[in-house]
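Side chains included, hydrogens not; waters and symmetry mates left out as well; all remaining heavy atoms used. By convention here, the first residue in the shown sequence is residue 1.
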Amino acid sequence: MRFPDVRAKMSYMYDNGGAHVLSVRLPAPLESRLDRLCRETGKTRSRIVKEVLGRYLDGSVAAAADPATPPGPPKDAMRRSGHARVEARSLAMHRVIAEKLRNNPGLLEAAGENIRRWRRQGVDVTAFAEWEAILGRGVAETVRVLTDPSEEGTRLRQSTPFTGVLTPAERRRFYEARRS
C-alpha cells in the first residue's frame, strides 16, 4: 500500500552526526507504559524504541501485533541450527513471561517457590542460587535477565524458575509456530 501524500508532510531532522531523528507522538497510556519499561530496565526511551522497531522490522515482533499469533522465533528460525532455534524460542517465550511478571509481580514468589520445591526433590543446580539473587533484586532486574539475549541470559533461561507461567495453550503456540 502506498501513501503518496505522507512524504510531503514529513520533515526530516538530523542529529549532529547526520543520523535521522524521528519524532513520534505517543498516546498517554502508551507513553506511561514506555516510561515504566524505562524505569524497570534502566534503558532510555530511544534505546527501547530502536530495539522494538528493529525486532518488528526483522519479523520477530510482527507476529505479536496479531493477538491470534504468539510472538515466536523470528521467521528465519527454520534456517537456523536446532540449538539456535531452541534459544530463539526460549527468548520469545521468556519475553511473554516478562510481560506477565510486569503485570503480576507475585510471580517472583512463585519462581522462588519452584526453586525451593526442586531442592526438596533433590534437584539443585548452580543457576538456582543465581536466580534467587536475581529474584531478590526485584521485577526490573528479573525482567532484564529474562529478556537478555546475551550468552549469560541464554544460560540462565536454560534453568528458568518460571515454569508454569505460560499456559499449555501458550506454550503449544510457540512450538507450533516453528512448523508453520
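To the nearest 0.5 angstrom, I48 atom CD1 is 5.5 Å from L34 atom CG.
W131 places a side-chain N or O within donor-acceptor distance of the main-chain N or O of S159, the cut-off being under 3.5 Å. The closest donor-acceptor contact from the side chain of T142 to the backbone of G138 lies under 3.5 Å.
One hydrophobic cluster holds both L156 and V123 under the rule that ILVMFWY side chains link at heavy-atom gaps under 4.5 Å. Residue V143 is not grouped with residue L91 when hydrophobic side chains (ILVMFWY) are merged at heavy-atom distances under 4.5 angstrom, including chains of intermediate members.
Classification of E132 and R137 as a salt-bridged pair fails, no side-chain N sitting under 4.0 Å from a carboxylate O. Taking the charged nitrogens against the carboxylate oxygens, E152 and R157 have no contact shorter than 4.0 Å, which rules out a salt bridge. Salt bridge status for R47 with E51: present, with a side-chain N to carboxylate O gap under 4.0 Å. Here R173 does not pair with E176 in a salt bridge; the nearest charged N to carboxylate O distance is not below 4.0 Å. Ion pairing between a basic and an acidic side chain is recognised when a charged N comes within 4.0 Å of a carboxylate O; R116 and E109 show such pairing. Salt bridge absent: E40 and R33 never bring a charged side-chain N and a carboxylate O closer than 4.0 Å. Under a 4.0 Å N-O distance rule, the pair R155/E87 does not qualify as a salt bridge.
Within the structure, ring pair (Phe, Tyr, Trp, His ring centres under 6.0 Å) pairs that include any residue of residues 132-158 do not occur (at least two apart or interchain).
A side-chain contact (heavy atoms from CB on, under 4.5 Å) with L107 is found for one member of V165, L135, V139, I97 and no other, namely V165.
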Subject >> Derivation of the side-chain contact (heavy atoms from CB on, under 4.5 Å) call for S90 and T154 >> reply: CA-CA 8 Å; S90 175; T154 299; over 6 Å; no
Original post:
Checking side-chain contact (heavy atoms from CB on, under 4.5 Å) for the pair R171/T167: CA distance, chi angles, key distance, verdict?
Top reply: CA-CA 6 Å; R171 288 180 50 80; T167 67; over 6 Å; no
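Contact annotation: the side chain of Y175 approaches that of M93 to within less than 4.5 Å [non-hydrogen atoms, C-beta and beyond]. Using a 4.5 Å cut-off on side-chain heavy atoms (C-beta onward), N114 and F162 make no contact. Counting heavy atoms from C-beta on, the side chains of C38 and T44 never come closer than 4.5 Å.
In this structure, K100 places its NZ atom where more than 12 heavy-atom neighbours from other residues, nucleotides or ligands lie under 6.0 Å away. Counting non-hydrogen atoms of neighbouring residues, nucleotides and ligands closer than 6.0 angstrom, the CD atom of Q121 exceeds 12 such neighbours. Counting non-hydrogen atoms of other residues, nucleotides and ligands closer than 6.0 Å to CZ of R102 gives a total above 12.
Listed by chain and number, the residues in a side chain to side chain donor-acceptor pair (under 3.5 Å) with T147 amount to none (sequence neighbours excluded). Legend: residues meeting side chain to side chain donor-acceptor pair (under 3.5 Å) with D35, ordered by chain and number and at least two apart, are R45.
Listed here is the closest heavy atom pair of L146 and A98: CD1-CA, 4.0 Å. Closest non-hydrogen pair, T160 versus T163, comes out as O-CG2, 4.0 Å.
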